[in-house]
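Everything numeric here is computed off the predicted structure, so don't read it as measured data. Any value given below was found using the heavy atoms of this structure, including those in side chains, with hydrogens, waters and symmetry copies removed.
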Amino acid sequence: MEKQSFGKKERVRKRKNYLDIYQRGRRVHSNNFTVILSPNPSGEKRLGVAVGKKVGNAVKRNRIKRLLREFFRLSKDRLPDSKDMVIIAKRDVSSLKYQDVCLELAELLKK
RNA sequence: AGAGCAGAUCGGAUGAUCGCGGGUCCGCCGUCGGCGGGCUGGAGGAAAGUCCGGGCUCCACAGGGCAGGAUGGUCGCUAACGGCGACUGGGGGCGACCCUAAGGAAAGUGCCACAGAAAAUAUACCGCCCCGAUCUUUUUCGGGGUAAGGGUGAAAAGGUGAGGUAAGAGCUCACCAGUUUCCCGGGUGACCGGGAAAGCUUGGUAAACCCCAUCCGGAGCAAGACCAAAUAGGGAAACACUUGAGGGCUGCCCGUCCGAAGUUUCCGGGUAGGUUGCUUGAGGCAACAGGCAACUGUUGUCCCAGAUGAAUGAUCAUCACCCCUUCAGGGAAACCUGGGAGGGGAACAGGACCCGGCUUACAGAUUUACUCUGACA
RNA sequence: CGCGGGUUGGAAAAGAGGUAAUUCGCUGGUCUCAUAAGCCAGAGACGGGAGUUCGAUUCUCCCACCCGCCA
């Protein structure tokens, strides 16, 4: 069985990395999210999450981040290796359920 | 029973699967460290706003004056406060109770639009009265007295009555209201109660300047300390004490300190990044004691988040809570009781150095004391 | 996280206790064969809630929103 953990190695953790990904990555948009994909040399697949202040207060922002990480964790095996991915939440999506998030992102990643 | 008022407590619970970050122990690889496993604990009453106060850290341990800021009934509590408690004055409510930036306007300055005669030194508009002139008289003009009457305004120069007067006026008197001073009694005090005298009365505004009293050094954990790739060439210490540029100490001044350029010695400084500060503390809980209370003391007991692109989530089940629909029983009905079935809801909100407060947001639940109205006894 | 500044018609922007200017835009009229320009007239605002005051856009306090600085 594929492991479903989500450790520190699998996160994008520095501002520099984010800037690199923003510059080099390919962007895909949907209603609520923007996904940026960029190759990275390390061999790992990594996730970064960006939720701006416009989206809501701290509770809402935290909830969105958790939902996005949950999605990444559970559908890791279907994602390509050696890719950095940053998901940006565009608006207040804290009322969405986890399943709604899954559907929308899965759609988005097919493109 | 209804309406209300002041507090206090809580802020869903349990389980399963997957997952996150901390501490600790064990094992393996092993230079830091990494990997795996076990155990343990992991957001709030406001964690929020950042409105105050303090601890802590650095700035040269910070002295004086001016400027600036804050507070403003009294007494207390406290590490401290702009907080809290008790009490006093004022205002509101039938009441429980609530609100109160509540020192000084008889230090000075300013302002008080429009209206009004006048907005503070009453320069008198109408009116009333006296005198003089004019004239047959009413009239008209001039000089003066008068704040009792008028209308205006948010606010009009103590109120009522009597005397008094040419007309009037605290001009005088009685009562009442208020101010200041003094005395007596009570209280730690704000102040309260009683009495006497004075001048006879003084507009409002200090969240206008200001005066008085008290307090305040500046920055802030992105403080500060340590390790240290890259890059750039200097940096630090000691001595000497002449000129002292320039800089720092709070905005300015005084005052004071460092100090370029000299000689000698030494090798360090520092960005990315990392470590530390970082959680045992004015700490929580319980009992007893002191105090009206805020709070304090003693004893016992407990260890309860330390992340850093930032950890608490997702899915499911059960049980409680609320709402809606439907069903059964009782009833004439309103409705009451039961809980079978289905559906929905569950607030405000997330630590970022730590505490004490304040303020603001908040579905609902539990509970205590008290007040008013109605009924019964 | 900490520290500062601001909010006035649709847009910009003065006013600092009593009447809210001004410019552009908008609407109607006039002029023109018609449009523009010009001229005349008009509508449309003090971020919300308390307090001080006779009276707050202005002063004080509390919220909301926006902007900036410190890596």
Is B:G170 in the syn range, within 90° of 0, or in the anti range? syn

Counting heavy atoms from C-beta on, name the nucleotide in B:C18, B:G351, B:A43 closest to the side chain of A:E70. B:C18

Using a distance-only test with no angle check, is there a side-chain donor-acceptor pair under 3.5 angstrom linking A:E104 and A:N32? yes

Counting side-chain heavy atoms from CB outward, which of B:G21, B:A349, B:A314 is closest to A:N57? B:A349

In whole angstrom, what separates A:K60's NZ from B:A361's P? 17 Å

Rounding to an integer number of angstrom, what distance separates B:A62 and B:G72 when you compare their C1' atoms? 29 Å

Measure OH/A:Y18 against C1'/C:A71 and give the value in whole Å, please. 17 Å

Classify the side chain of A:R73 versus the base of B:C18 as yes if they form a donor-acceptor pair under 3.5 Å and no if they do not. yes

Does some side-chain heavy atom of A:L105 sit less than 4.5 Å from a side-chain heavy atom of A:L68? yes

Within-4.5 Å side-chain heavy-atom neighbours: A:V35 and A:V86: no

Measure CD/A:Q99 against P/B:C18 and give the value in whole Å, please. 19 Å

What integer distance in Å separates A:R11:CZ from B:A307:C1'? 11 Å

Measure from CD1 on A:I21 to C1' on B:G309 and round the result to the nearest Å. 11 Å

Between CZ of A:F72 and P of B:G313 the distance, given in whole Å, is 21 Å

Distance check: side-chain N/O of A:R69 vs OP1/OP2 of B:A311, anything under 4.0 Å? yes

Rounded to whole Å, the CZ-P distance (A:R66 to B:A311) equals 6 Å

Value in whole Å for how far the P atom of B:G313 lies from CZ of A:R61: 17 Å

Looking at side-chain heavy atoms only, is the closest gap between A:L109 and A:F71 below 4.5 Å? yes

Tell me which of A:N62 and A:K65 sits closer to the 5' end of RNA chain B, going by the nucleotide each one is nearest to. A:K65

If the glycosidic angle is within 90 degrees of 0 it's syn, otherwise anti, so just tell me which one B:G45 is. syn

Do A:V12 and A:I21 come close enough that some side-chain heavy atom pair is under 4.5 Å? yes

If you assign each of A:V49 and A:A58 to its closest nucleotide in RNA chain B, which residue comes earlier from the 5' end? A:V49

